[in-house]
Participant: 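Shown below is the structure under consideration.
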Amino acid sequence: MVYRGVPAMAILRLPTQASDGKANLHRGGVGVGIDLSTGMTLSGIQRNRYIDNHPETGYSLCDRQIPHWQTILEMAAKLGDKTESGYLGVDIVLDR
């Protein structure tokens, strides 16, 4: 989420079987907070419950480095400057 050209908060969305393989939080996907200054993941949340591990894989959600974090922040900030409303939700997809 970008406010007036400045990244204000970030979340990593992860799919689950409950969300039909999509990362939609309202359908049971997992949301993981990201520390804006470091790009490191914090704890996760699924269906209004805090979780430390992915419910299906068991992998830890905490203390994982988001690759290319500084570049992602810069891209989001530039996009945020282009909106008249002052805020913007930016989705960045990482792939191989």
Side-chain angles (χ1 to χ4, degrees):
M1 187 64 81
V2 178
Y3 179 70
R4 295 188 176 177
V6 178
M9 58 193 253
I11 187 171
L12 170 66
R13 297 184 306 155
L14 301 171
T16 63
Q17 289 180 1
S19 65
D20 196 28
K22 299 171 181 65
N24 297 331
L25 302 183
H26 70 282
R27 295 190 62 195
V30 174
V32 183
I34 303 172
D35 183 309
L36 284 177
S37 63
T38 65
M40 296 293 288
T41 59
L42 306 168
S43 65
I45 192 164
Q46 183 187 38
R47 299 187 192 262
N48 297 321
R49 291 181 323 126
Y50 287 103
I51 57 176
D52 291 325
N53 300 308
H54 191 281
E56 293 159 10
T57 66
Y59 289 127
S60 175
L61 301 172
C62 307
D63 298 321
R64 295 191 175 264
Q65 179 65 54
I66 302 297
H68 314 292
W69 182 244
Q70 193 60 40
T71 301
I72 290 170
L73 285 180
E74 291 168 7
M75 287 173 28
K78 287 178 184 176
L79 290 168
D81 284 340
K82 305 297 181 200
T83 181
E84 294 179 18
S85 65
Y87 66 93
L88 179 68
V90 178
D91 288 338
I92 306 284
V93 177
L94 300 177
D95 198 354
R96 291 178 206 247

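FYI, the numbering just counts along the sequence from 1. What you are looking at is a predicted structure, and each value in this text was computed from that prediction instead of being measured.
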Participant: Looking at Ile45, Ile51, Leu25, which one forms a side-chain contact (heavy atoms from CB on, under 4.5 Å) with Val30?
Facilitator: Ile51
Participant: Each residue besides Tyr87 in its hydrophobic cluster should be listed here, by chain and number; the cluster joins Ile, Leu, Val, Met, Phe, Trp and Tyr at side-chain heavy-atom distances under 4.5 Å.
Facilitator: Tyr3
Participant: Please say yes or no: joined through hydrophobic side-chain contacts below 4.5 Å, possibly via intermediate residues, are Met40 and Ile34 part of one cluster?
Facilitator: no
Participant: Scan the side chains in residues 88-96 for donor-acceptor partners under 3.5 Å anywhere in the protein, sequence neighbours excluded, and list what turns up.
Facilitator:
none

Participant: For residues Arg27 and Thr16, determine if any side-chain heavy atom of one lies less than 4.5 Å from a side-chain heavy atom of the other.
Facilitator: no
Participant: Does Asn24 use its side chain to pair, donor to acceptor, with the backbone of His26 at less than 3.5 Å?
Facilitator: no
Participant: Can you sort out the partners of Lys22 under salt bridge (charged side-chain N to carboxylate O under 4.0 Å, His left out), two or more places apart, ordered by chain and number?
Facilitator: Asp20
Participant: Using atom types as modelled, flag every donor-acceptor pair under 3.5 Å from a side chain in residues 58-65 to any protein atom, sequence neighbours excluded.
Facilitator:
| residue | atom | partner | partner atom | Å |
| --- | --- | --- | --- | --- |
| Ser60 | OG | Cys62 | N | 3.3 |
| Arg64 | NE | Ser60 | O | 2.7 |
| Gln65 | NE2 | Thr38 | O | 3.0 |

Participant: Could you go through residues 4-12 and list every donor-acceptor pair under 3.5 Å that involves a side-chain atom there, pairing it with any protein atom two or more places apart or in another chain?
Facilitator:
none

Participant: How close do Gly29 and Ser19 get, heavy atom to heavy atom, and via which atoms?
Facilitator: N-CB, 3.4 Å
Participant: Using modelled atom types only, decide if a donor and an acceptor are shared between the side chain of Trp69 and the backbone of Leu36 within a distance under 3.5 Å.
Facilitator: yes
Participant: Write out all pairs satisfying side chain to side chain donor-acceptor pair (under 3.5 Å) with one or both partners inside residues 40-49, taking only residues at least two apart or from two chains.
Facilitator: none
